[in-house]
2 protein chains.
Amino acid sequence: MNFITATLKALALRGASNRYVPVSTRGLGRGLGVSQQTASNRLIAMEASGLISRRRGVHGQDVMISKDGMELLRREFADYQRIFTEPGAIKLSGTVASGLGEGQYYLNKPGYHTQILEKLGFTPFNGTLNIRVSESEMAKLSIVPPESRIRIDSFRADGRTYGEAECIPVKINDISCAIIMPKRSHHTGVLEIISANHLRQELCLKDGDTISVILERRF
Amino acid sequence: MNFITATLKALALRGASNRYVPVSTRGLGRGLGVSQQTASNRLIAMEASGLISRRRGVHGQDVMISKDGMELLRREFADYQRIFTEPGAIKLSGTVASGLGEGQYYLNKPGYHTQILEKLGFTPFNGTLNIRVSESEMAKLSIVPPESRIRIDSFRADGRTYGEAECIPVKINDISCAIIMPKRSHHTGVLEIISANHLRQELCLKDGDTISVILERRF
DNA sequence: ATTACTAACAAGCGAGTAC
DNA sequence: TGTACTCGCTTGTTAGTAA
């Protein structure tokens, strides 16, 4: 019965969590990497255990996950939430990169400076530590929901508008700092870190050194 | 290879996501509902696939999930987030109950009244619909993170303090309304619903009718 | 107390096929 | 197009046991 959660999950992703959706055993099998026959078997077994209910027609069937089935998925989800909400559970690795990022520029503007002190609780060192990370490492940040990100508002000064940015609190070698990302900019494969300290000096870092950034909190 | 995610998840829940943790094959097997031998086999197979790394001692072993292993879990988690973030994915069922809840009392106070209009976007009907739900249905609300709940602040009036409350936007038969819960109160097994409409009349409800509440948004 | 081997067994899979 | 049988075979599990 080890296949049950995987199959339920596939059905839920097809929308079967709250309504009947048309499901073909061939298509379901393809999605799960198993044969049409296996998909059929699984649906039969899961219907027998009361995890799904089915409506059979001549040209196919509709499937909906039952209350019990959803309860099972809900418990799975709760487990994953525990795993990824645990502090330090998510780590991004990359290499120290040189060059000034956009973030550096921001730190000189009082409008950002004071917001960082207010919202992150530290006066930022005047410079960012840049970390080159792969696409897959960067993708880990998508786990952090918008509500858990700290928003640095836009403001006007010197006759122009400075755009908003987003911060995510992290730790590097147990030093509290934060990722800062301009809201309207493409991902360049470089993370910019702000901190009260001169991280490069404090941690004796040089370009190319491998380094890990640990997310502090989520949800 | 269907056992892999379940086993990785069990290891992650034991803290193996970011450090080596002592794991006994007997204990792991018990947690997974399999034999000691099976747990041993799984660890061997997962080490061979590079999903975990192990340090063997004489009296046991330490296990840590690898980068690849965590990536696999992260993708699982992303799937579950999609499932449970989909509007309408979570449904609480219960029966209509009579009697005045605490919520009713609040609605008469202008302090709450205006906050509800401001934060939920409707002027509440002067009364709550009470729905008796089981413990397990109530537990579903724990999926809604604090940031997604709408906070009704406490305020002072008539020489006393009115405590804060929390709202969760929901739909009942496609009518937008909200669960309201006093912050400092025990769960009584009754959900209180506020709405712009007189729900009981609008939906022709009487005590004991079965009814479903659908969560509108999360995260 | 551990882990992990071997060997017998069971569960799950899928090709072929019927409907 | 569909679903779901049978049945041979593979994969995963476990008891017994060694280290």
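Per chain, numbering begins at 1; letters A, B, ... match sequence-line order.
- Taking the charged nitrogens against the carboxylate oxygens, B:R132 and B:E137 have no contact shorter than 4.0 Å, which rules out a salt bridge.
- If you measure from atom CZ of B:R56 to atom C1' of C:dC5, you get 12 Å, rounded to the nearest angstrom.
- What separates CD1 of B:I44 from P of C:dT6 is a distance of 11 Å, to the nearest Å.
- The side chain to side chain donor-acceptor pair (under 3.5 Å) search around B:K119 returns B:Q115, B:D153, not counting sequence neighbours.
- For B:R55 and B:Y20, the positive end sits near the middle of the six-membered ring, less than 6.0 Å away and at most 45° from its axis.
- With no hydrogens or angles considered, a side-chain donor-acceptor pair links A:S93 and A:S212 at under 3.5 Å.
- In this model, no donor atom of one side chain and acceptor atom of the other lie less than 3.5 Å apart for A:Q61 and A:R56.
- Closest approach of A:R200 and A:V96 over heavy atoms only: NH2-CG1, 3.6 Å.
- Here A:E135 pairs with nothing under the side chain to side chain donor-acceptor pair (under 3.5 Å) rule; sequence neighbours left out.
- Minimum interatomic distance between A:R14 and A:V21 (heavy atoms only, all atoms of both residues): O-CG1, 3.5 Å.
- To the nearest 0.5 Å, atom CG of residue B:L92 and atom NZ of residue B:K140 are 5.5 Å apart.
- Residue whose closest nucleotide on DNA chain D sits further toward the 5' end, between A:N41 and A:H59: A:H59.
- We find that CG of B:L43 is positioned 12 Å from P of D:dT13, with the value rounded to whole Å.
- Between D:dT13 and B:S35, no contact under 4.0 Å exists linking OP1 or OP2 to a side-chain N or O.
- Within the nucleic acid shown, A:S40 comes within 4.0 Å of at least one base atom, counting heavy atoms only.
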Quick one: side chains of residues 165-177 of chain A, donor-acceptor pairs under 3.5 Å with protein atoms, not counting sequence neighbours, listed by atom name and distance.
residue	atom	partner	partner atom	Å
A:E166	OE1	A:R149	NH1	3.0

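- Atom CE of B:M46 and atom C1' of C:dT3 are 16 Å apart (whole Å).
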Protein-nucleotides 17-19 of chain C N/O pairs closer than 3.5 Å?
none

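- The phosphate of D:dA4 (OP1 or OP2) has no side-chain N or O of A:R26 nearer than 4.0 angstrom.
- For the helix from C:dT2-D:dA19 to C:dC19-D:dG2, the angle separating the two terminal helix axes comes to 40°, with each axis derived from five pairs and the value rounded to 10°.
- The CZ-P distance, from B:R30 to D:dT14, rounds to 13 Å in whole Å.
- Atom CG in B:D62 sits about 11 Å away from atom P in C:dT3, given to the nearest Å.
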Quick test: give all pairs of protein nitrogen or oxygen and nucleotides 9-12 of chain D nitrogen or oxygen below 3.5 Å, distance rounded to 0.1 Å.
residue	atom	partner	partner atom	Å
D:dG12	OP1	B:M1	N	2.6

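- Open room surrounds CZ on B:R26; 12 or fewer heavy atoms of other groups in view lie less than 6.0 Å from it.
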